[in-house]
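All of these numbers come straight from a predicted model, not from anything done at the bench.
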Amino acid sequence: RLAYATPACKSCFATPLPRQPLAIKKQTTDQTGLSSTGASTRELASEITYVWSETVPTPRSYMEAIAAGRSFATSGPMLFLTVDGNGPGGVLRLPGSGRRVRIRAQVSSDKPMDRLEIVFKGRTLRTASGSGRLALDFSYDTQETGWFAVRAFEKPDHTVRFAHTS
C-alpha cells in the first residue's frame with residue numbers, strides 16, 4: 001500500500017498498490033532551495049521516506065512503522081533489504097554463539113547507479129558496483145549484536161542522489 005503527503009498536507013492520501021511501501025514526502029531544504037550551508041541542493045521536497053505497511057496506510061500506521069524502523073529515505077533510488085527474510089525494522093534473536101544470516105539487497109533507479117552497500121554497525125560488509133539494477137545476496141556470520149542497513153548511490157551528475165534504510 002502506498003500513501004503520499006507533502007509537508008503542507010496534514011493527512012496521507014492512500015492509493016492501493018499491493019506489497020508496496022508507504023511514502024511520505026518530506027521537505028529537507030528551506031524555501032529558497034538552499035541547504036543550511038547555502039549550497040544548492042535539490043528541488044524542494046525532493047527527498048522521500050518510504051515506510052512498509054501490510055495494511056491500508058493511515059497516519060497512525062505510518063508513525064508506527066517509522067517508530068519500528070520499517071523505512072528508508074531516498075532522493076531517487078528504491079531500496080529493498082532482507083536479513084533472514086526480515087525487512088527493515090525486523091529483529092533477529094541470536095544465540096550466545098552467534099549465527100549465520102542471509103542478506104539480500106537490491107536497488108533500482110531510472111538513473112545509472114554507482115554502488116550498493118551493505119552495512120553492519122557502521123562497517124561496510126559488501127559493495128556492488130555498476131549501472132542499472134544492483135543486487136547483493138550473501139551469508140554473513142555474526143557474533144555480536146548490531147544492526148544492518150543498505151545504502152545506494154546513483155552516479156553523480158549535478159547533484160548526489162542516494163538512499164539509506166533505517
Side-chain angles (χ1 to χ4, degrees), residues 1-9 11-59 61-63 65-66 68-83 85-90 102-120 122 124-138 147-166:
R1 309 243 183 236
L2 181 68
Y4 171 84
T6 64
C9 180
S11 62
C12 300
F13 303 95
T15 304
L17 294 173
R19 302 189 57 76
Q20 295 295 321
L22 169 77
I24 301 297
K25 196 164 189 177
K26 181 181 177 192
Q27 181 174 328
T28 59
T29 57
D30 67 18
Q31 292 185 359
T32 65
L34 299 177
S35 69
S36 60
T37 62
S40 178
T41 58
R42 294 168 283 280
E43 63 275 4
L44 290 177
S46 64
E47 287 81 16
I48 299 174
T49 298
Y50 284 92
V51 174
W52 294 100
S53 175
E54 295 296 329
T55 63
V56 173
T58 64
S61 70
Y62 171 77
M63 295 308 294
I66 286 286
R70 294 188 308 265
S71 63
F72 71 92
T74 183
S75 59
M78 296 295 290
L79 286 179
F80 304 93
L81 168 69
T82 61
V83 178
N86 294 281
R102 184 167 184 188
I103 302 167
R104 294 179 176 176
Q106 182 178 326
V107 60
S108 61
S109 177
D110 60 346
K111 307 281 190 216
M113 293 303 303
D114 183 47
R115 68 189 182 278
L116 171 69
E117 299 174 337
I118 302 293
V119 178
F120 179 65
T124 302
L125 297 179
R126 297 274 171 95
T127 301
S129 299
S131 60
R133 181 172 280 187
L134 299 177
L136 288 166
D137 186 345
F138 65 98
W147 50 268
F148 290 96
V150 61
R151 58 188 176 207
F153 299 85
E154 291 179 355
K155 289 195 183 294
D157 53 13
H158 68 280
T159 188
V160 175
R161 291 172 34 116
F162 64 97
H164 199 297
T165 58
S166 297

Nearest 0.5 Å please: distance from the CE atom of M78 over to the CG atom of D110. 11.0 Å
L125 and F148: side-chain contact (heavy atoms from CB on, under 4.5 Å), yes or no, with the steps? CA-CA 10 Å; L125 297 179; F148 290 96; 3.8 Å; yes
Any idea which heavy atoms bring I118 and F138 closest together, and the distance? CG1-CE2, 3.8 Å
So, for H164 and A149, which heavy atoms are closest and what is the spacing to 0.1 Å? CE1-CB, 3.7 Å
How close do S109 and P77 get, counting heavy atoms only, and between which atoms? CB-CA, 4.1 Å
Quick one: does S75's side chain have a donor or acceptor within less than 3.5 Å of a partner on F162's backbone? yes
side-chain contact (heavy atoms from CB on, under 4.5 Å) between L136 and T127, worked out: CA-CA 8 Å; L136 288 166; T127 301; 5.9 Å; no
So which atom in L79 and which in V150 form the shortest heavy-atom distance, rounded to 0.1 Å? CD1-O, 3.5 Å
S71-T49 side chain donor-acceptor pair, cut-off 3.5 Å: no
Is the side chain of T124 donor-acceptor paired with the backbone N or O of R126 at a distance under 3.5 Å, no angle test? no
Where do R133 and Q106 land on the side-chain contact (heavy atoms from CB on, under 4.5 Å) test, with the steps shown first? CA-CA 7 Å; R133 181 172 280 187; Q106 182 178 326; 3.2 Å; yes
To the nearest 0.5 Å, what is the distance between CZ (R151) and CG (L81)? 13.0 Å
Heavy-atom nearest pair, M113 first then L134, reads CB-CD1, 3.8 Å
To the nearest 0.5 Å, atom CD of E154 lies from atom CZ of R115 at 12.0 Å
Interatomic distance, F80 atom CZ to R104 atom CZ [nearest 0.5 angstrom]: 14.5 Å
Least distance between heavy atoms, T165 atom then P88 atom: CG2-CG, 4.2 Å
